[in-house]
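Read the structure below first, then the notes.
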Amino acid sequence: MPVWNLSEARGRMISEAEVRLQYGDHPTMFCMLLNHGGKFTDFPGRKYVNGKRHYVDLIDIETFCVHDIDDMMVKLGYIDENLHVEMYYHFRRPLCDLDFGLFALASDDDVRHLAKYVGQHKLIEVYTEHGQTKLHTYSMSPNPSKVRIVEIDCTPKRLFLEWHDTQVEPNDVLTFEPNRNNPPVSPTRNEPSIDKVDMVSDNANIMETKIEHSSDDNSSGDEINSGDDSESQDGDFLLDEDNIIDDVEVDMREFHLNVDPDVEWIGGASKRKNHVVTEDGNEADLEVIDMELFLSDSSSDDGIEGERNKKIKAIRRAHENENAQVSEPFYLYQKFNSSKEFKDMVNQHAIDTRRELDFEKNDKNRVRVVCRGTITSLGGGTGQEVVNEEGKCPWVLLASKWKRDKDWTVKTYVSEHKCLQTRKVRACDYKFLSKQILQLVEANPKIPVKALREQLQRIYKVDISKMKAFRAREAALKIIRGDYATQYKILQDYLLEVQTQNPDTTIKLDVESEPNPDVETRTFRRVYVCLGALKQGFAAGKRDFLGVDGAFMKGPFHGQILSAVALDGNNGIYPLAYAMVEAETLNSWTWFLTHLGDDLGLASNSKFYIYIRQAKGYFLGLSSAIADLFRCAEHRYCVRHIHENMRSRWRGDKFKELLWNCSTTYTVQEFEKEMEEVRKLNQECYEWLKQIPPQHWARSHFTGRAHSDIVINNICECFNSKIIDGRDTPIINCLEFIREYIMKRIVNVEKEIDKATGPLTPTATKLLQKIKDQAEEYTASFCGNGKYQVSGPWQDQCVVNVNQRTCSCKKWEITGMPCKHAVSAIWDMRRNNGAIGIPETFVHECYWLSTWRNMYSFKVDPINGRRLWIKSPCPTTLLPPKHRVPIGRPKKERRKSTTEKEDMIKGNTVSRAQKTVTCTKCNNKGHNARTCKGQLPTVGKKGKKKNEKGKEKDKGKENEKGKQKKKGKEKDPL
């Protein structure tokens, strides 16, 4: 292993320049600044506090691995053989802050990521966390799996390290003495054992440790929140453990789309011409034929013109190498294809040299550029700066066109500057900056303006205002994502391409009514999309269950995304249809559900489809739309949203527990018993809850059509959280984001299906195994005709009819999966009759693995790019909807409830937020006795009696005082 020295950082910190002087001749060597013992603060403005620093020098990136950091932590005393400690390592990318520059350092891929910066930067900062991490840098690393460093017993390892207790000096720490006797050893992160390797160093201290590093590549760690909206986050969340949505991860970070016409491509290809390099590294003066270059020069080389062309070519060839272009970007006879190319190069040169270049002449035939820089001189003895008004900077550049040639040629060029450089360059505008930050903004669209401004000023060394950085970021986002208004013009072409590539796809486009039919434009209103593969997959899933919900758009054109999401046999989401409408109203929901019913073949008397929705949907027209279109269809309310509305008036864990018990019981008798408990606790809450029909939220009143007992609408919220990044983009980008997410998700689920074994899906297998464990405590008694009497602990006794596949507990009928009573009866049947199958054969076929595989056998086909789209035959052109500017700052996050906003813990005390305060003087609510202003007491309250008694006592005291005064006057002889 390589030799490295660990030294404590004291006094002055070592700079990057000092480290570069020591390691300048060694491209693979670097110095590490190890930060340990502290923790990170919250974002933004993240800092590493309460920590210590140590310098680690003589590190070779070619032999460096994560085990070396573990050895450093052993030396520092953080890892003990008797303790199990979890360590997390991060490194900061040079020239970046801790908010956006931290990356994981947990595997060989992370080390290779670190190696990219060692060549240019010789001082690398590494940060450690102990016990747990609050960062998500492990998902940003090339290897997304989180690595947990677990300390266990293994073969002892001897370490020879040199410890410096004195103050760190640059010349003492940064010494290069590589070990040439022993070859370097680079163990990988996943090796179960570590060989003994002697590390030779002068005056080394020997310490023995027992350490082994193991990484669990399959551990997923803490999940990252999918968006700023926190769609499903709730401080008082109700969890249904039997119906947890098992969804696969779909990587949408690489989604980038711009379908705007006439988009200028900003490439990074080198403009370097063909050249030949000799063995000594110099470029040979040889003519190399470029097979892709078309020369338009005159072919006549006879006479004077031929000699002139040869000299011009020689001049150009002398300036076409990279070294000449860096020092002198312009030269005589230099050719440009257009004036725009010439002016762009002039602006780039002005920014690179920080000069005030001005276009003195700028017409169709010539462009003359001069320098308006300031030439200053010092005043006589005053030390003040005096502007020389007579002198001008001699720098000048002229380019024009020949009469018979369309190329622009440099004819005058004076490269001398006598002016001073400036930090205010007019050419450095937001348009130029937007093209330079495309890759940065594409990787991090939400980069703060402050961080972007600081980085641009550090790169170009010019003054950049905050507003200019903001406009540059918005312009870059517009180039990356496209224009919001422009995409409506080509929306019909996109919809036609999707419908062409995906057979049996339904797309409905609705526009605003236009009284004049001769107008060639129409205003966009709504669009509905249901892909053909999703229709077939939903029918093959054999589970008549749908969830419908809406999510708001975040762009300048406000609207709602309505979605219909199904449930597969593994309790995973299966998006079925989606639409963009103007708002969640009765009209929009009716329009969406009408088209959805047509695609699924639903009639007004259909009884085998169930719609689950949020309780707030009643006010948005969803409940009325379902009642009008599908009168026989069941629809459920989300219990979590019912509790959200309930706790605005009745708060506490007791109310939540009783509501959950009422909702999750399977029999009517148990439901009535739990409702009675609610009535005993609070009569008003009981009356309020009784107004909600129990068939919409209680399992005891559900039917078995859907084969699901879900009472929480988390399937729609799960889908909404997946498309958060697409809801802030133009309309075509948003539609394509959803389509591409569905396309990738089907492929990812199919990979999981190929790994699954057994007759049932993985989730159904776990649920049935849990039921089997509970059934072991029950005994079944055969009663004839396929009926069993099953008894268990706690006086639990039910009747099971195996022939009809029912149980008196109703769980088998509602879920489609045998309950614990049914499993016990099936086991008794197998003991008496060998022809009876295993309990898995009694599970509904929607949970079968074959059904799950057949459901995802229908794939969403890809589409072509913008250039290959067929022009829509529709003669009208779409216009964006009317933009209505709301009052105040535009909102990008959903409205959170009051209980989500409150902070229940402040410091070390319990918060009294949202807690009603009652005054002890007037008995009114909303203030205390200290702030009481003498309000009238509340009528009918006990406090009034206290106040009245107090007033009577005060009146009695006043009467007694008055009587005493009168008696005193009578006794007074005067």
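Values below: every heavy atom of this structure, side chains too, minus hydrogens, waters and symmetry copies.
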* Asked: Would a 4.5 Å heavy-atom cut-off, applied to side chains only, mark Met72 and His67 as touching?
  -> no
* **Residue list, side-chain contact (heavy atoms from CB on, under 4.5 Å) with Val449, at least two apart or on another chain** => Lys466, Ala469, Phe470, Arg473
* Asked: Run the side-chain contact (heavy atoms from CB on, under 4.5 Å) check on Arg745 and Val749 step by step: do they pass?
  -> CA-CA 6 Å; Arg745 187 187 180 278; Val749 174; 3.7 Å; yes
* To do: Might you point out which heavy atoms bring Asp725 and Thr729 nearest each other, and give the distance in Å?
  => O-CG2, 3.7 Å
* **Reported CG-to-CD1 distance for the pair Leu114 and Ile61, which is rounded to 0.5 angstrom** => 4.5 Å
* **His54 and Leu76: CA distance, side-chain angles, deciding distance, side-chain contact (heavy atoms from CB on, under 4.5 Å) verdict** => CA-CA 10 Å; His54 277 79; Leu76 294 174; 3.9 Å; yes
* What is the distance from atom CD1 of Ile742 to atom CD1 of Ile723, rounded to the nearest 0.5 Å? -> 9.0 Å
* Pairwise side-chain contact, Gln120 with Pro94, heavy-atom cut-off 4.5 Å (strictly under) -> no
* Cys428 vs Leu433, side-chain contact (heavy atoms from CB on, under 4.5 Å): CA-CA, chis, key distance, verdict -> CA-CA 7 Å; Cys428 187; Leu433 296 176; 3.6 Å; yes
* Asked: Should Leu33 and Arg53 count as side-chain neighbours, where that means a heavy-atom distance under 4.5 Å?
  -> yes
* For Arg354, side-chain hydrogen bond (donor to acceptor under 3.5 Å, both in side chains) partners two or more places apart -> Gln421
* Would a distance-only check, ignoring hydrogens and angles, find a side-chain to backbone donor-acceptor pair under 3.5 Å from Thr41 to Lys47? -> yes
* Contacts of type ring pair (Phe, Tyr, Trp, His ring centres under 6.0 Å), residue Tyr460, not counting sequence neighbours -> Phe432
* Structure fact -> Sequence neighbours excluded, the answer for side-chain contact (heavy atoms from CB on, under 4.5 Å) partners of Pro27 is none
* Structure fact -> Residues pairing under side-chain hydrogen bond (donor to acceptor under 3.5 Å, both in side chains) where one sits in residues 447-458, two or more places apart or in two chains, turn out to be none
* **side-chain hydrogen bond (donor to acceptor under 3.5 Å, both in side chains) partners for Asp352, two or more places apart** => Gln348
* Would you please test Glu740 and Lys744 for salt bridge (charged side-chain N to carboxylate O under 4.0 Å, His left out) and show each step? => CA-CA 6 Å; Glu740 188 170 328; Lys744 291 182 178 180; 3.2 Å; yes
* To do: For His130, enumerate each residue passing the ring pair (Phe, Tyr, Trp, His ring centres under 6.0 Å) test, keeping only those at least two apart in sequence or located in another chain.
  => Tyr78
* Could you give the distance from CD1 (Ile447) to CG (Leu440), rounded to the nearest 0.5 Å? -> 4.0 Å
* Check side-chain contact (heavy atoms from CB on, under 4.5 Å) between Lys859 and all other residues, then give those that pass, not counting sequence neighbours. => Ile746, Glu750
* To do: Report the residues that fulfil side-chain hydrogen bond (donor to acceptor under 3.5 Å, both in side chains) with Asp42, sequence neighbours left out, ordered by chain and then residue number.
  => Lys134
* Asked: Is the shortest heavy-atom distance from the side chain of Thr128 to the side chain of Asn35 under 4.5 Å?
  -> no
* Where is the tightest heavy-atom contact between Leu105 and Val66, given as atom of each residue plus distance? -> O-CG1, 3.9 Å
* Under 4.5 Å between any side-chain heavy atoms of Phe91 and Tyr117, yes or no? -> yes
* Qualifying residues under side-chain hydrogen bond (donor to acceptor under 3.5 Å, both in side chains), relative to Tyr430, sequence neighbours excluded -> none
* Structure fact -> For Glu129, the salt bridge (Lys or Arg N to Asp or Glu O under 4.0 Å) test, sequence neighbours excluded, returns none
* To do: Give a yes or no on whether the backbone of Cys96 and the side-chain of Arg92 come within a donor-acceptor separation of less than 3.5 Å.
  => yes
* From Thr133 OG1 over to Leu102 CG, what is the distance, rounded to the nearest 0.5 angstrom? -> 9.5 Å
* **Minimum side-chain heavy-atom gap Asn444-Val441 below 4.5 Å** => no
* Which value, rounded to the nearest 0.5 Å, describes the distance between Asp108 atom CG and Cys65 atom SG? -> 7.5 Å
* Structure fact -> Looking only at heavy atoms, the pair that brings Ala427 and Ala350 closest together is CB-CB, 4.4 Å
* Quick one: closest heavy-atom pair of Val126 and Ile69, and the distance? => CG1-CD1, 4.4 Å
* Anything under 30° is parallel, anything over 60° is perpendicular, the rest tilted; go ahead and classify His349 against Phe330. => perpendicular
* Structure fact -> Taken in chain and number order and not counting sequence neighbours, the residues that satisfy side-chain contact (heavy atoms from CB on, under 4.5 Å) with Ser465 are Met467, Lys468
* Below 4.5 Å, heavy atoms only, C-beta onward: do Lys122 and Cys31 meet side chain to side chain? -> no
* **Leu123 side chain near Met32 side chain, heavy-atom distance below 4.5 Å** => no
* Asked: Are Tyr127 and Tyr88 close enough that their ring centres sit under 6.0 Å apart?
  -> no
* Is the closest side-chain donor-acceptor distance between Tyr89 and Asp110 under 3.5 Å? -> no
* **ring-ring contact (aromatic ring centres under 6.0 Å, His included) between Phe103 and His113, worked out** => CA-CA 9 Å; Phe103 289 87; His113 184 200; 4.9 Å; yes
* When rounded to the nearest 0.5 angstrom, what is the spacing between CZ in Phe737 and NZ in Lys722? -> 10.5 Å
